[in-house]
2 protein chains.
Amino acid sequence: MNNKIEIIIVDDHPMVIEGLKSLLSNYDILSVTHTFTRGKDAYEYLSAHAGGVVLMDINLPDINGIELCDKLCSVNPVIKILGMSTHNDASIIKQMVHKGARGYLIKNASAEELYAAIENVYKGSTYFSAEVQGILAESSLKNIPRLTRREKEILSLIASGETTQQIADKLYLSPLTVETHRRNLMQKFGVSNAPALIKMAIDHKLL
Amino acid sequence: MNNKIEIIIVDDHPMVIEGLKSLLSNYDILSVTHTFTRGKDAYEYLSAHAGGVVLMDINLPDINGIELCDKLCSVNPVIKILGMSTHNDASIIKQMVHKGARGYLIKNASAEELYAAIENVYKGSTYFSAEVQGILAESSLKNIPRLTRREKEILSLIASGETTQQIADKLYLSPLTVETHRRNLMQKFGVSNAPALIKMAIDHKLL
DNA sequence: TACATTCTACTGGTTTCCCGGTATATTTAT
DNA sequence: ATAAATATACCGGGAAACCAGTAGAATGTA
């Protein structure tokens, strides 16, 4: 037991794990103690071990990174997770933060940035790179409409080519009700027909 | 000048570069001589230096990896490029190969696989991982419909919410003509309404 | 409890879409 | 030069979507 900061890496790309190890090896205070390529293994270990900082990729093969983050944070609220991804997708970053991540990095981060992020998160603070902050700021401007459960359900049925009548049959609803939902969807997205609705929904990653 | 295989890495993620270096350091016959984080710099160097194997990421900040591959291969046909990406997108892999890449790796490759790929490519052969081969095979099964110029044009107007009449006005066509094109589009995608058409078109990366 | 949201459903009317055909001129490829 | 693909355009008719407005019931929340 020494006073180094314990680093746990969860990423399915061996070359990224190696890269992180190599970048972090320059900082004596840090020590990469465990690496996992599968979310399941990481969960098993981390649900029983507190302390340290977890560098976690969002795109894991077996489990969604966001879910994993959620689970870990509820089992072990002290856990310090630093999300990572190649994609600078605002909605993912938001979700990640909402689920308890203490910071977020895009993978083109430099060693300095990486270290700064780890240091901040370890101390109990948070860390978001300028780039990530910019993305979050931008995304908060264009407000993504909040859809209800029913609306999401009907939206995906519209996308798969079902007509109002077919959707009504499938969900045991009046076609008039389905139509109302479709109209509400179009209104929420500010469009005036279904093709544009589908386009917008996909653009906003809701399909 | 020794008889090692010269490796050039082009990737905008410092941690990936480090990871590759670290993974390759176990093979004495390989020597990472140059690394570039920008496509422009890589182009300048590589257009004047033959030999070795280039590990190139597709997602570069300043230039499209596919374009870069194309340019390099026309300037320097002997060049041996090994494409890399986190995304296992069939159309990108296909394009890359078409533009002259000798192999393709997904970034979760192991050190062994990486070495095998480099060895094959260096010898003048090609290398595609089982995973990549699977993706290519699968993508050749589901045939992506070929759209004409007019169809693409009308498709994107439908996606942006224009009605048949509006499209006709915009393109100086009869609405009946526009409708024919829309019908042909739906037929090509095997769907029976416009929302499903848009979904399919986006799924096939045609929008 | 009171308020807000969501889900449900309706009337009546207009517009657009979708279908089954057909057909000609223009490009493009062989 | 000849075939194939593309782009253009039409008819008639039925189905579905879209619009404007209203409103009760269920659910959740303060």
Side-chain angles (χ1 to χ4, degrees), chain A residues 70 74 91 94-95 98-99 140 143-207, chain B residues 98 140 142-204 206-207:
Chain A
D70 189 23
S74 47
S91 78
K94 277 183 183 173
Q95 283 181 68
H98 184 251
K99 296 300 186 189
S140 67
N143 50 335
I144 294 160
R146 250 189 288 287
L147 304 188
T148 68
R149 228 173 303 148
R150 227 11 166 196
E151 283 169 347
K152 282 179 200 162
E153 197 174 13
I154 288 172
L155 177 63
S156 84
L157 289 169
I158 293 171
S160 69
E162 313 260 9
T163 66
T164 297
Q165 185 61 56
Q166 289 169 333
I167 295 169
D169 291 346
K170 196 161 282 185
L171 302 180
Y172 305 104
L173 291 174
S174 161
L176 296 164
T177 301
V178 176
E179 200 179 320
T180 301
H181 285 303
R182 200 198 38 239
R183 285 164 61 183
N184 289 338
L185 280 165
M186 292 193 296
Q187 207 224 315
K188 283 187 178 181
F189 282 96
V191 298
S192 58
N193 58 31
L197 169 64
I198 299 306
K199 174 68 161 48
M200 290 290 269
I202 296 175
D203 283 352
H204 289 82
K205 307 184 192 290
L206 295 168
L207 267 177
Chain B
H98 184 250
S140 67
K142 56 162 187 178
N143 50 335
I144 293 159
R146 249 191 283 289
L147 305 187
T148 67
R149 228 173 302 150
R150 225 12 165 195
E151 284 168 347
K152 281 179 200 162
E153 197 174 12
I154 287 172
L155 177 64
S156 82
L157 289 169
I158 293 171
S160 68
E162 313 260 10
T163 66
T164 298
Q165 185 61 58
Q166 290 169 334
I167 295 169
D169 291 346
K170 197 163 281 184
L171 301 181
Y172 305 104
L173 292 174
S174 160
L176 296 163
T177 301
V178 175
E179 200 179 319
T180 301
H181 285 302
R182 200 201 33 240
R183 285 164 64 181
N184 290 338
L185 280 164
M186 292 193 297
Q187 207 225 315
K188 283 188 177 180
F189 282 96
V191 297
S192 59
N193 58 30
L197 168 65
I198 299 305
K199 175 69 161 48
M200 290 290 269
I202 296 176
D203 283 352
H204 290 85
L206 294 169
L207 266 176

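Only heavy atoms go into these numbers, but all of them, side chains included; no hydrogens, no water, no symmetry mates. By convention in this document, chain letters (A, B, ...) are assigned in the order of the sequence lines, proteins followed by strands, and residues within each chain are numbered from 1.
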Least distance between heavy atoms, A:Arg150 atom then A:Leu171 atom: NH2-O, 3.9 Å
A:Arg149 and A:Lys152: CA distance, side-chain angles, deciding distance, side chain to side chain contact (heavy atoms under 4.5 Å, CB included) verdict: CA-CA 5 Å; A:Arg149 228 173 303 148; A:Lys152 282 179 200 162; 5.9 Å; no
Distance in angstrom units between A:Arg150 CZ and D:dA26 C1', rounded: 13 Å
Whole-Å gap separating C1' (C:dC7) and CD1 (A:Ile154): 9 Å
Sugar-phosphate or base contact per nucleotide [nucleotides 18-30 of chain C; S, B, -; heavy atom under 4.0 Å]: BBBB---------
Closest-nucleotide 5' rank along DNA chain D - winner of B:Glu151 and B:Leu176: B:Glu151
Value in whole Å for how far the P atom of D:dA7 lies from CD of B:Gln187: 15 Å
Where A:Ala196 and B:Ser160 come nearest, the two heavy atoms and their spacing: CB-C, 4.2 Å
Rounded interatomic separation in angstrom, taking CG from A:Leu155 and P from C:dC7: 13 Å
Shortest non-hydrogen contact between A:Leu206 and A:Leu155, atoms and distance: O-CD2, 4.3 Å
Protein-nucleotide distance (A:Glu162, atom CD; D:dA16, atom P), rounded to Å: 12 Å
Under-4.0 Å side-chain N/O to phosphate OP1/OP2 contact, A:Thr148 with C:dC7: yes
side-chain N/O A:Thr177 vs C:dA9 OP1/OP2, d < 4.0 Å: yes
Nearest-Å distance for atom pair CG/P, residues A:Asn184 and D:dG21: 14 Å
Touch class at under 4.0 angstrom, heavy-atom based, for B:Ser174 against every strand present: sugar-phosphate
Residue pairs fulfilling ring pair (Phe, Tyr, Trp, His ring centres under 6.0 Å) with at least one residue in residues 163-196 of chain A, sequence neighbours excluded: A:Phe189-A:His204
Nucleotide D:dA16, atom P - distance to CD1 of A:Ile167 in whole Å: 12 Å
For the student: nearest non-hydrogen atoms of A:Lys188 and A:Glu151, plus distance: NZ-OE1, 2.7 Å
Between C1' of D:dA17 and CG of A:Leu157, the distance in whole Å: 17 Å
Partners passing side-chain contact (heavy atoms from CB on, under 4.5 Å) against A:Gln187 (at least two apart in sequence or in another chain): none
